[in-house]
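What follows is a short report on a single structure.
This one's a predicted model, so the numbers in the text were calculated from it and none came from an experiment. Just so you know, these numbers use all the heavy atoms, side chains as well, and skip hydrogens, waters and symmetry mates.
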Amino acid sequence: MAIPDSLTTAARVLADKVAELNREAADREAVLTRQLARQRTIVRLLVGVVACMLALAGAVGVALNGVANNTERLNASATVNRQKALCPLYELLLASNTTASRARAADKAAYDRSFKVIGDGYAALNCAEFKGDSPVLGSGD
């Protein structure tokens with residue numbers, strides 16, 4: 001039995017279309033493979049960037065904690081140094097607040113304001129606590 005030419009032609013057309021679809025599928029597969037590789041590279045880069053950012057944030061946190069600790073120690077040290085240097089001076093000045101010295105003052109209000117400022121400085125530095133005694137604050141002697 002002989003195959004009609006139209007059937008042979010239709011089979012060739014069909015075979016050509018199947019071959020063309022195979023080529024298009026291979027081309028699309030190649031494109032998809034390249035895109036997938038590119039996306040994997042981008043994901044790896046993003047994971048690396050996130051890891052670096054987390055490491056940097058951790059390093060900054062450690063550094064800031066160190067700075068905070070150093071600041072606290074320096075403030076405590078400065079307060080002690082101020083107390084050691086200024087408290088004895090404040091005590092001497094406050095001890096000079098006597099009735100006799102106030103009587104010699106030309107401006108009694110200015111004299112009282114001055115000793116108020118000195119007393120406030122003495123209190124601000126907690127000199128009474130630092131020295132372990134009570135403030136002198138104008139006994140009036």
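Of all heavy-atom pairs between L93 and S96, the closest is O-OG, 2.5 Å. Taking each heavy atom of A103 and K108 in turn, the nearest pair found is O-NZ, 3.1 Å. For C87 against L125, the heavy-atom pair with the smallest separation is SG-CB, 4.3 Å.
Listed by first then second residue, pairs satisfying ring pair (Phe, Tyr, Trp, His ring centres under 6.0 Å) with a partner in residues 56-111 read Y111-F115, not counting sequence neighbours.
Listed for the R73 side chain is no donor-acceptor partner under 3.5 Å among the backbone atoms of N69.
For the atom pair CD of E91 and CG of L86, the computed distance is 11.5 Å after rounding to the nearest 0.5 Å. The structure places CG of L21 at 8.5 Å from CZ of R28, a figure rounded to the nearest 0.5 Å. To the nearest 0.5 Å, the span separating CD1 on I42 from CD on Q35 amounts to 10.5 Å. With rounding to the nearest 0.5 angstrom, the CZ atom of R82 is 9.5 Å from the OG atom of S77. Distance check, rounded to the nearest 0.5 Å: CG of L14 to OG1 of T9 gives 12.5 Å.
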For a side-chain hydrogen bond (donor to acceptor under 3.5 Å, both in side chains) check, start with the C-alpha distance between S101 and T98, then their side-chain angles and the critical distance, and finish with the verdict.
CA-CA 5 Å; S101 63; T98 63; 3.1 Å; yes
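Summarising the local packing, CD of E24 is surrounded by more than 12 heavy atoms from other residues, nucleotides or ligands at distances under 6.0 Å.
If you chain together hydrophobic residues whose side chains sit under 4.5 Å apart, L64 and L56 fall into the same group. By the rule that hydrophobic residues join a cluster once side-chain heavy atoms approach within less than 4.5 Å of another member, L89 and I118 end up as members of one cluster.
With respect to D120 and K116, a salt bridge is recorded, a charged nitrogen being found less than 4.0 Å from a carboxylate O.
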